[in-house]
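So the structure is just underneath, and the comments pick up after that.
Note that the numbering runs from 1 along the sequence shown for the chain.
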Amino acid sequence: VQLQASGGGLVQAGGYLRLSCAASGRIFSSKVVGWFRQAPGKEREFVAAIRWGTGIRYYEDSVRGRFTISKDSAKNTVHLQMNSLKPDDAAVYYCAAGNEYGTTQKAYNNWGQGTLVTVSS
């Protein structure tokens, strides 16, 4: 399965963006799809994840209530709706798939390329 992230861009603080992660092949129900982000000079960090089969969602505390992860099974796509964006949310966002849920990169063995999110204050 190849993952393709898209939807990044420039937005003002308080604005919104929707990121998409499209899979070229079928995502099996056992998979977990997650979003990570990496700001300049910082380590890549977990943002959100969703279990493909059950739809159970997980969020990092700083985005909970502002970001929503969802899946479109028909399109093999995972979305990350990001509302009330803050300058601290600016980063390159990556989607990834793994067999088990985790908040570290090692839990995911299939990564897409990043999409840049810039938030102006």
Side-chain angles (χ1 to χ4, degrees):
V1 175
Q2 290 187 328
L3 304 176
Q4 179 78 28
S6 62
L10 171 63
V11 64
Q12 288 188 331
Y16 63 91
L17 283 173
R18 188 174 84 151
L19 305 184
S20 297
C21 177
S24 61
R26 180 169 172 249
I27 300 178
F28 295 101
S29 61
S30 60
K31 289 286 189 182
V32 177
V33 179
W35 286 95
F36 285 73
R37 65 186 180 187
Q38 187 167 19
K42 296 186 177 181
E43 294 187 355
R44 193 172 297 186
E45 64 176 4
F46 172 79
V47 176
I50 186 167
R51 290 189 183 274
W52 189 260
T54 63
I56 295 174
R57 308 171 188 184
Y58 307 89
Y59 297 98
E60 192 272 330
D61 287 345
S62 70
V63 307
R64 191 185 309 276
R66 299 188 298 122
F67 290 11
T68 301
I69 190 169
S70 62
K71 67 182 179 77
D72 183 336
S73 299
K75 296 182 179 180
N76 275 346
T77 299
V78 171
H79 300 291
L80 184 68
Q81 178 69 40
M82 306 187 297
N83 297 331
S84 302
L85 282 162
K86 305 175 182 179
D88 285 349
D89 295 318
V92 177
Y93 283 70
Y94 299 88
C95 63
N99 294 318
E100 297 291 338
Y101 165 66
T103 60
T104 61
Q105 295 182 62
K106 64 182 181 181
Y108 301 84
N109 55 11
N110 193 344
W111 290 81
Q113 93 295 354
T115 185
L116 177 64
V117 172
T118 304
V119 183
S120 63
S121 56

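- Of the possible donor and acceptor atoms, none in the side chain of Gln113 sits under 3.5 Å from a partner among the backbone N and O of Gln4.
- For the pair Thr115 and Gly7, the tightest heavy-atom approach, listed with the atom from each and the gap, is OG1-N, 3.9 Å.
- Arg57 contributes atom CZ, which lies 9.0 Å from atom NZ of Lys71 (distance to the nearest 0.5 angstrom).
- The hydrophobic cluster containing Val117 also contains Val78, counting ILVMFWY residues as joined when their side-chain heavy atoms lie under 4.5 angstrom apart, directly or transitively.
- For the side chain to side chain contact (heavy atoms under 4.5 Å, CB included) test with Leu19, the passing option among His79, Met82, Gln81 is Met82; the others fail.
- Between atom CD of residue Glu45 and atom CD of residue Gln105 there is a gap of 10.5 Å, rounded to the nearest 0.5 Å.
- Note on Tyr94 and Leu116: same hydrophobic cluster, where clusters join Ile, Leu, Val, Met, Phe, Trp and Tyr whose side-chain heavy atoms are under 4.5 Å apart, directly or indirectly.
- Using cut-offs of 30° and 60° for the angle between ring planes, the Tyr93 and Phe67 rings count as tilted.
- Within a 6.0 Å sphere centred on CD of Gln2, other residues, nucleotides and ligands contribute 12 heavy atoms or fewer.
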Trp52 and Asn76: CA distance, side-chain angles, deciding distance, side-chain contact (heavy atoms from CB on, under 4.5 Å) verdict: CA-CA 10 Å; Trp52 189 260; Asn76 275 346; 3.9 Å; yes

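- Side chain of Arg51 to backbone of Ile56: no donor-acceptor contact under 3.5 angstrom is found.
- From Leu85, atom CG reaches atom OG1 of Thr118 across 11.0 Å, with rounding to the nearest 0.5 Å.
- Counting heavy atoms from C-beta on, the side chains of Trp35 and Ile50 never come closer than 4.5 Å.
- Connection of Leu17 to Val33 is established within a shared hydrophobic cluster, with ILVMFWY side chains joined at heavy-atom distances below 4.5 Å, either directly or through further cluster members.
- What you find for Gly98 and Asn109 is that their closest heavy atoms are CA-OD1, 4.0 Å.
- Between Asp72 atom CG and Cys21 atom SG the span is 12.5 Å, to the nearest 0.5 Å.
- Glu60 is linked by a salt bridge (Lys or Arg N to Asp or Glu O under 4.0 Å) to nothing, counting only residues two or more places apart in sequence or in another chain.
- Among residues two or more places apart in sequence or in another chain, the side chain to side chain donor-acceptor pair (under 3.5 Å) test is passed with Arg18 by none.
- Considering all non-hydrogen atoms of both residues, Val92 and Gly114 come closest at CG1-CA, 3.6 Å.
- In terms of heavy atoms, Ala39 sits closest to Ala91 at N-CB, 3.7 Å.
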Derivation of the salt bridge (Lys or Arg N to Asp or Glu O under 4.0 Å) call for Lys86 and Asp89: CA-CA 5 Å; Lys86 305 175 182 179; Asp89 295 318; over 6 Å; no

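- Under the 6.0 Å cut-off for aromatic ring centres, Tyr108 and Phe36 qualify, their centroids lying closer than that.
- More than 12 heavy-atom neighbours from other residues, nucleotides or ligands sit within 6.0 angstrom of OH on Tyr101.
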side-chain contact (heavy atoms from CB on, under 4.5 Å) evaluation trace for Tyr59 with Ile69: CA-CA 8 Å; Tyr59 297 98; Ile69 190 169; 3.6 Å; yes

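- Scanning all heavy atoms of the two residues, the minimum distance from Ala13 to Ser121 falls at CB-CA, 4.3 Å.
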Derivation and outcome, side-chain contact (heavy atoms from CB on, under 4.5 Å), residues Lys31 and Asn99: CA-CA 5 Å; Lys31 289 286 189 182; Asn99 294 318; 3.0 Å; yes

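- Of all heavy-atom pairs spanning Arg66 and Ser84, the tightest one is NH1-O, 2.9 Å.
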